[in-house]
Amino acid sequence: MEKIRVRFAPSPTGLLHIGGVRTAFINYLLAKKENGALVLRIEDTDKVRSTEESKNAIISGLKWLNINWDEGPYFQSERSELYINYLNYLIEKEAVYPCFCKKEEIDIEKEIAKKRGKPYKYSQRCKYLSDKERIDKISKGEEFVYRFNVEPGLVRFNDLIKGEIIFENNILDDFIIIRNDKTPVYNFSCVVDDIDMKITHVIRGEDHLSNTHKQILIYKALNKETPYFGHLPLMLGKDKEKLSKRHGSVSIEEFKNEGFLPEAILNYLFLIGFSIKDNKEIFTMDEMIEEFSLSKISRSSPIFDHDKLRWLNSHYIRNLSDEELFNRAIGFIPNDLISGSREKLLKILREIKPNIKVLGDIKDLTIYFYKQPEYNQQELKNIKNNINFINFINDFINIIDDIEPFESSLIESYINKILKEKNILLKDIAQPLRYLLTGKYVSPGLFILIELLGKEKTKKRISIIL
Ligand code: GLU
């Protein structure tokens, strides 16, 4: 059987969007599952909108996610000759014609269509120029584009995800395939490359369905077999609107900067995009490849829920060893902590691990280890009124210097001894103590917290109440 070849073909006109990541990932899974190949192709023929920054963001984003491609990256901007060769074939067949209409002329046509309440379609004025007229215009140096000559009829194909699709050609006008600077327009370069790269399956977002109509016409004119097409339903936000900045992070860069792990992102995309039996939610890469099938792709739009992704991310973080967490969190750990003892830092990470949803939380979860907390005066007042607590603190301050080594188990037994003598319960002192030590009501366990803060900070913070 023919080997499956798929591609991810982004236009480098912005950051790598999570929707694009989903397309890339599904192509990756298909290639892996079928032992095929994934090609990365950067569609940068639009010189005005393509940027170097965006190319870099796409490539580094995919690498960070571990979506590894087998061939490429190919850059369309470096393949002009190929498109011109294919264009010449179409010129020869009269499947395309040069169009000399100026922008102002087209604008007038558009204006007339608008007034008549009709969708704009190019008038085909240049289609009927004689050879002589064409030669004259070209020799006068008039600029021109090439338009595809759309013949009446229909295009019918079986979409791997959406089922049978039929398009009437009369909804199209003679669309441009080569710009006046001789660069190809997306629909043309995409087809030429998919042919040249022997792509067997074109899997992309459903926003490309109308392009597929044009592209199939180009395949036919080139006398080439069409690949299989599959159009993925677009991911939406929780409010069923197009996923945008309003919903939270959208580019992979933003997810990375917030402190999401790539494995959590891919697992999440898999989870919301496929109909999976059982209620299984956590998948390793091997399991996702194993489970993958085009037939399991949801027919309806997956809903992207940032909170659910945070939950999944926290799962992956909890499963990292302290060392791994340290290595992966390095850019997120405040310098004041990095500069201290590594052994202590690993212990801190272990203790806060259950509360980390994204690595960016680390700063807030550790701030009190190196910065004096800012207290709320009302909270302090309430604590001062807690007689049991003040009694406890008085005793604790008196014996704290005796605790040696200053380790959580010994701290625990000293504290328990005081509580027992005073007939106070741990739960009655735990929250005020935690608040004085950290300025927060959520922290690691008290005894390990005291150990990690050290004697001096502990003494200083609890004595402000006296
Ligand atoms: N370059 C197109 C885009 O970024 C996608 C092309 C395709 O997958 O056919 O939207």
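One-based numbering, in listed order, for ligands and for the atoms of each.
- Counting only heavy atoms of the protein, atom 3 (C) of ligand 1 lies nearest to S11 OG, 3.6 Å.
- Aromatic rings of F8 and Y28 (six-membered ring for Trp) have centroids beyond the 6.0 Å cut-off, not under it.
- Close approach of ligand 1 to P10 is summarised as follows: ligand atoms under 4.0 Å from at least one heavy atom of the residue are 1 (N), 4 (O).
- Among all protein heavy atoms, the one lying closest to atom 2 (C) of ligand 1 is A9 O, 3.4 Å.
- Closest heavy-atom approach to atom 8 (O) of ligand 1 within the set R41, R7, Q215, E43: this belongs to R7.
- Among the atoms of C190, none of the N or O lies under 3.5 angstrom from an N or O of ligand 1.
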Problem set entry | Working for salt bridge (charged side-chain N to carboxylate O under 4.0 Å, His left out), residues D107 and K102 | CA-CA 9 Å; D107 285 347; K102 304 206 169 31; over 6 Å; no
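- In this structure the side chain of N27 never reaches within 4.5 angstrom of the side chain of R22, judged on heavy atoms.
- A 4.5 Å side-chain heavy-atom check between R49 and S11 finds every atom pair outside the cut-off.
- Of the options R5, R79, K224, a salt bridge (Lys or Arg N to Asp or Glu O under 4.0 Å) to D196 is made by R79 and by none of the others.
- What sits closest to atom 10 (O) of ligand 1 on the protein, heavy atoms only, is H208 NE2, 3.0 Å.
- Pairs passing the ring pair (Phe, Tyr, Trp, His ring centres under 6.0 Å) check and including a residue from residues 341-369, sequence neighbours excluded, do not occur.
- The part of Y186 lying near ligand 1 is the side chain, judged by heavy-atom distances below 4.0 Å.
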